[in-house]
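Below, chains carry the letters A, B, ... as their sequence lines are ordered, and counting in each starts from 1.
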There are 2 protein chains.
Amino acid sequence: MDAPSGTPQRILDIAERLVQTCGYNGFSYADIAAELKVTKASLHYHFPGKADLGASLIERYEHHFLAALAGIDEREKDARGKLRRYAAIYGEVLRDGRMCLCGMLAAEYATLPEAMRTRLRHYFDENERWLAGVLKLGRKDGTLRSSGTPRETARTLVGSLEGAMMLARSYGDPSRYRAASARILAELGA
Amino acid sequence: MDAPSGTPQRILDIAERLVQTCGYNGFSYADIAAELKVTKASLHYHFPGKADLGASLIERYEHHFLAALAGIDEREKDARGKLRRYAAIYGEVLRDGRMCLCGMLAAEYATLPEAMRTRLRHYFDENERWLAGVLKLGRKDGTLRSSGTPRETARTLVGSLEGAMMLARSYGDPSRYRAASARILAELGA
DNA sequence: GTCTATAGGTGGATAGAC
DNA sequence: GTCTATCCACCTATAGAC
């Protein structure tokens, strides 16, 4: 609680935004250094290699995301409400021309170091796991309907929302995401 | 009809695969040169700058794609059949760790030259247009159902399939795409 | 922890010979 | 059309002073 945000956190903040907009292969240490007003060498002290920085980015992003999902579980008990809040989180991500960090990295998957690939799949697995729980809950109390297993439906849902974000951003129009997510959720009864 | 494929076409073939796997920012003239066994300078003769190459890639990809859609319209008169064939085209794209060329580029949108951005949006617009026609047809003859306008549903559909491809590829599992697309199409009655 | 300086490599791109 | 040779900017990364 001493520093509101240490240097490593500020580095991650900038790198996160850069990856969300330009991709992992689309930014450099020089970009971060310029914005943070330090030298590139300083960055290497905190994150020895770009792969370390990338892996830390995913870990922190997932950590924040899971915290947000825990927040939903605390405040929202209705399965439909949970789904709508989940979709809304990704809607907020779209601000400033950003895209979901992990959706971006998924596109660059083939060029990522293994440490990042593993963490990336873990992120999506956790999305799937949480959504499957919500879908199961909604099926039990009759508020949500889906044709396949909760697991498969969750998997499809994650992909659909990631794709909706990607296209919405290409048109510079977040409302495209909102329209798409509303339609997708409507199919499930939410 | 003289040469089965001239040098420019072979360059595009290699570049297309590279973009589909590694992205526009993830490949270089050197990669193409090595595979085609020519020098980088030769490539610049056919495509002066990387932006020219990128724009040509999208144009050719869209041309091939629209030809495939025309082929569907010729052989398949049933709206549900058209939709299934459309989804199948993207399923075939997934071979060899590839992703839809334009889905890849959409992720890198912020870093693309304007000439590529314009063509990219055009590709998605054409997808949307064709799909909206199919959805309208299916609605008229009662074979397909959707809650929103054909246009909006088409838009959502394109994004969902692109997202499904991206995630399937991250898991190296094309069956993820097939499962997701089957579920998505089922919601529409196909 | 941050700096200067620099290494070693690769990026896209060009000039000019053949 | 393809080559050799070369340019310059940029990349990730390291050594060592402060």
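- B:I11 has its CD1 atom 11 Å from the C1' atom of D:dT2, to the nearest Å.
- Under the ring-ring contact (aromatic ring centres under 6.0 Å, His included) criterion, B:Y29 pairs with B:H44, not counting sequence neighbours.
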Hey, what are the protein-to-nucleotides 9-11 of chain C N/O distances that come in under 3.5 Å?
from: C:dG11; atom 1: OP1; to: B:S28; atom 2: OG; distance (Å): 3.1

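- Dashed line: the shortest gap from a side-chain N or O of B:T39 to OP1 or OP2 of D:dC3 is under 4.0 Å.
- Considering only side-chain N and O atoms, B:Y45 lies under 4.0 angstrom from the phosphate OP1 or OP2 of D:dG1.
- Spacing between atom CZ of B:F47 and atom P of C:dT14 amounts to 16 Å, rounded to whole angstrom units.
- At least one side-chain nitrogen or oxygen of A:S42 sits closer than 4.0 Å to the OP1 or OP2 atom of C:dC3.
- Screening residues 92-105 of chain B for side-chain hydrogen bond (donor to acceptor under 3.5 Å, both in side chains) gives B:Q20-B:R98 as the qualifying pairs, with residues at least two apart or on separate chains.
- By the 4.5 Å heavy-atom criterion applied to side chains, B:L105 and B:Y123 are not counted as neighbours.
- Here the P atom of nucleotide C:dG1 and the CG atom of A:L36 are 13 Å apart, to the nearest Å.
- Applying the side-chain contact (heavy atoms from CB on, under 4.5 Å) test to B:E187 and every residue at least two apart in sequence or in another chain returns A:S147, A:E187.
- Between A:A41 and B:T7, the one whose closest nucleotide on DNA chain D sits nearer the 5' end is B:T7.
- Under 4.0 angstrom from either OP1 or OP2 of D:dA15 there lies no side-chain N or O belonging to A:H44.
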Report all side-chain donor-acceptor pairs from residues 6-14 of chain B shorter than 3.5 Å, counting only partners two or more places apart or in another chain.
from: B:Q9; atom 1: OE1; to: B:R60; atom 2: NH1; distance (Å): 2.9
from: B:D13; atom 1: OD1; to: B:R60; atom 2: NH1; distance (Å): 2.8
from: B:D13; atom 1: OD1; to: B:R60; atom 2: NH2; distance (Å): 3.0

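- Shown here are the side-chain contact (heavy atoms from CB on, under 4.5 Å) partners of A:R178, two or more places apart in sequence or in another chain: A:P174, A:S175.
- Atom NZ of B:K37 is separated from atom P of D:dC3 by 13 Å (rounded to the nearest Å).
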